[in-house]
Protein chains: 2
Amino acid sequence: MATMKDVAKLASVSTSTVSHVINGTRFVSDDIAKRVQDAAQQLNYHGPSAVARSLKQNCTKTIGMLVTTSTNPFYAEVVQSVEQACYQQGYNLILCNTEGDAQRLKRSLSTLIERRVDGLIMMCAMLEGDDAQIYRRLGGLPVVVMDWGEVDFSCDRIQGHSRQGGILATQYLIDNGHSEIGCITGPRNRQQANLRYQGFVDAMNAANLPINPAWVIEANFETEGGKAAFAKLQAQGELPSALFVCNDMMAIGVLHEAQRSGVQIPQQLSVIGYDNIQLAKFMTPALTSIHQSKARLGAAAVNALIARLHEPHLPPQFMDIEPRVTERASVASNEVKVKN
Amino acid sequence: MATMKDVAKLASVSTSTVSHVINGTRFVSDDIAKRVQDAAQQLNYHGPSAVARSLKQNCTKTIGMLVTTSTNPFYAEVVQSVEQACYQQGYNLILCNTEGDAQRLKRSLSTLIERRVDGLIMMCAMLEGDDAQIYRRLGGLPVVVMDWGEVDFSCDRIQGHSRQGGILATQYLIDNGHSEIGCITGPRNRQQANLRYQGFVDAMNAANLPINPAWVIEANFETEGGKAAFAKLQAQGELPSALFVCNDMMAIGVLHEAQRSGVQIPQQLSVIGYDNIQLAKFMTPALTSIHQSKARLGAAAVNALIARLHEPHLPPQFMDIEPRVTERASVASNEVKVKN
DNA sequence: ACTAATTATCGAAACGTTTCGATGGTGGTT
DNA sequence: AACCACCATCGAAACGTTTCGATAATTAGT
């Protein structure tokens, strides 16, 4: 690959002049500029090496992102919006999947640090205990955390306002005349999962409705988990009349399992999901869900990160994206409900 | 951030010695090695700067990937397997979405080149005409192309053997007693889309079945496209008894629209999809589909790329991943079919 | 005991940029 | 004509590594 030096030699100017021409960083007389352009053309020189530039400038215009599984539609949508925001701001994204594996998280974190990413976005289960000491390596690297909990280093947070979302979902079911309401939660040790459940509890309490513990089941945020949870619910006997399923993937699992075992949704059981992934509207029945804007989540994360790059000593920022319910066909009013 | 120089100074050794200790590239006496380790520890030195190293070694251990929309489940699964393979081989992945936008493709390509990625995986619509000259910038950069067509530069190819997949799908419908078979294709100017359609044609011809042109509709590989295509099909009058929908996303759209307008699947219309995305089995009815292993596609792409890095002058490689049908509930045998 | 062979460490150049101070040339002012 | 500003370009150092040849120190061979 041709370098600036080569171009400089061919154009009989100094490297610094070439640099200024290429970057437009200083005035260069027209004829010399032209000579440089021509030489560049001739040598097929295309853009300065980002790696050399990064070395000199101590900034890579790259951000790293750790995500549990980019294959999960919710994550996929967030990742995409992150990438989009990066693109618009002139950054590139290095994506690392952790697959929930601590070892992998550690190694990925290390390589991202070695690569001198300018910042980090984490949307994955967190390390704890001894492993948590790896975060000390971060050494002031700006980090934005999405999706969970307490963390022992300073960082910004973008969150989905999950508690309010949980309230919204439950309240929606209540407003539709339901009082026997169950909840399929995500892994309760993850903050967002727990907050959604707390929202459920809040709303039930506020409405003076009893919570049947047999109807709250913890699952893993995956389709299979939702399916298993529904099977378990059914094995226990009487079903509630409505179910708040804490994410759409699990809701898809319960829809599927319900259909398989002949319980009709929403006639016999109303279901509301969470996340409003793109596919939700294509389920049968179309899935009513709590919408949170993945585009805004991603953009907010990137913006927070870049803001911090420019102003490293701001106090940690918190940001919540408002959820809202989007109505579809998986929740029925309890008046028309047909008891099984 | 501490550098090797700092460590060297503190340990009173030369930088080169530090380098050898850190990388294990040469024998270093135990006591000096220890001194270096300690100094590194003390200065909180963590790993050599990948950017400096890349500059020196002229290799970034990074590969770039251009993809249309990483949000599409099929792509998402492939991207994930690519990332996984990269991880295993010690590479990092820079992901760029093109969103089908030529401008964006061009800019992303440029930055990837400036970043000196070691190789490129492209799974996106291709540039044509004048824009195609951007590929000349590649200058020998190893490229693996997935998912389409003719291309005017040398590269390796990983493909899904779409024609055979099309035959498989159609044959499966025929074997189930169908003879009135329609096909909803992807954008026919994309090779994979066209090959699937060609497979359909092949199988129909081989079975001496007529193709009703009203029953082949071109759509865009998205859920909405499938939905629209089905609506169009229905508006035209008599439906076929079975439909080969050339990817699962469109099939999901079809399922949805069919349900909405009261045609029962598979009783009135059998549907087979293509790709076998993870969600396919959770549709109602569970979607019968042509499976192609996303894991193998991704791994093959990365392996081909890395093989070429080591052996740049191999002739272009082609590789097909075998498809197979995975049976579920969206195709019914025609004997039981209930004419509407 | 003196050279030869071996071993462990050092020093310097190079990778491709950016950036700052230095340099020389031009034109304007008195 | 002498001086000063100013302008356009140059040169060199620096960024953090790797790597090769050189050097000093140790051991072995006769």
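Naming convention: chains lettered A, B, ... in sequence-line order (proteins, then strands); numbering from 1 in each chain.
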### Message
What is the separation between atom CE on A:Met4 and atom P on D:dC15, rounded to the nearest whole Å?
### Response
19 Å

Distances under 3.5 Å between protein N/O atoms and the N/O atoms of nucleotides 19-22 of chain C, please, pair by pair.
unit_1, atom_1, unit_2, atom_2, d
C:dG21, O6, A:Arg26, NH1, 3.4
C:dG21, O6, A:Arg26, NH2, 3.3

### Query
Between A:Asn58 (CG) and D:dG16 (C1'), how many Å, whole number?
10 Å

### Message
What is the distance, to the nearest angstrom, from the CG atom on B:Leu55 to the P atom on D:dA14?
### Response
17 Å

### Task
Can you tell me the distance, in whole Å, between the CZ atom of B:Arg115 and the P atom of C:dG16?
18 Å

### Task
Nearest whole angstrom, please: distance from the P of C:dC10 to the NZ of B:Lys5.
16 Å

### Message
B:Asn58: which residues meet the side-chain hydrogen bond (donor to acceptor under 3.5 Å, both in side chains) condition with it, sequence neighbours left out?
### Response
none

With a cut-off of 3.5 Å and sequence neighbours excluded, list every side-chain donor-acceptor pair involving residues 134-141 of chain B.
unit_1, atom_1, unit_2, atom_2, d
B:Tyr135, OH, B:Leu127, N, 3.0
B:Arg137, NE, A:His46, ND1, 3.4
B:Arg137, NH1, B:Ser110, OG, 2.9

#### Entry: Nucleic acid contacts of residues 28-50 of chain A, taken as heavy-atom distances under 4.0 Å to DNA chain D
A:Val28, A:Ser29, A:Ile32

### Task
Return the set of residues passing salt bridge (Lys or Arg N to Asp or Glu O under 4.0 Å) with A:Lys9 (not counting sequence neighbours), or none when no residue passes.
none

### Task
Measure the angle between the two terminal helix axes of the helix from C:dA1-D:dT30 to C:dT30-D:dA1, five base pairs each, and quote it to 10°.
60°

#### Entry: Any A:Thr3 side-chain nitrogen or oxygen under 4.0 Å from OP1 or OP2 of C:dG16
no

### Task
Taking the side chain as every heavy atom from C-beta outward, state whether A:Thr60 and A:Arg115 have any pair of such atoms under 4.5 Å apart.
no

### Query
Hey, are A:Lys34 and A:Asp30 close enough for a salt bridge, meaning a charged N less than 4.0 Å from a carboxylate O?
no

### Task
With sequence neighbours excluded, give me every side chain to side chain donor-acceptor pair (under 3.5 Å) pair touching residues 298-320 of chain B.
B:Gln89-B:Asn303, B:Asp156-B:Arg308

Polar atoms only, N or O, under 3.5 Å: list the protein pairs with nucleotides 4-7 of chain C and their distances.
none

### Query
So do B:Met122 and B:Val143 actually touch side chain to side chain, heavy atoms under 4.5 Å?
yes

### Query
By side-chain hydrogen bond (donor to acceptor under 3.5 Å, both in side chains), which residues pair with B:Asn23, not counting sequence neighbours?
B:Ser19, B:Arg53

### Query
Rounded to the nearest Å, what distance is computed from the NZ atom of residue B:Lys9 to the P atom of nucleotide D:dG16?
11 Å

### Residue list, salt bridge (Lys or Arg N to Asp or Glu O under 4.0 Å) with A:Lys5, at least two apart or on another chain
none

## Note on the structure
dist A:Ser54:OG -> A:Asp118:CG (nearest 0.5 Å) comes out at 8.0 Å

#### Entry: side-chain hydrogen bond (donor to acceptor under 3.5 Å, both in side chains) partners of B:Ser29, counting only residues at least two apart
B:Asp31

### Task
Answer whether the closest heavy-atom distance between the side chains of A:Leu112 and A:Leu66 falls below 4.5 Å.
yes

### Summary
Rounded to whole Å, NZ of A:Lys61 lies from P of C:dT17 at a distance of 18 Å

### Query
Taking only residues two or more places apart in sequence, or in another chain, which ones meet B:Arg104 in a salt bridge (Lys or Arg N to Asp or Glu O under 4.0 Å)?
A:Glu83

### Query
For A:Glu114 and D:dT18, what is the distance between atoms CD and P respectively, to the nearest whole Å?
10 Å

### Message
At 4.0 Å (heavy atoms only), tell me whether A:Val51 reaches a base, stays on the sugar-phosphate, or touches nothing.
### Response
nothing

### Query
Can you check whether A:Cys96 reaches B:Tyr87 side chain to side chain, under 4.5 Å on heavy atoms?
no

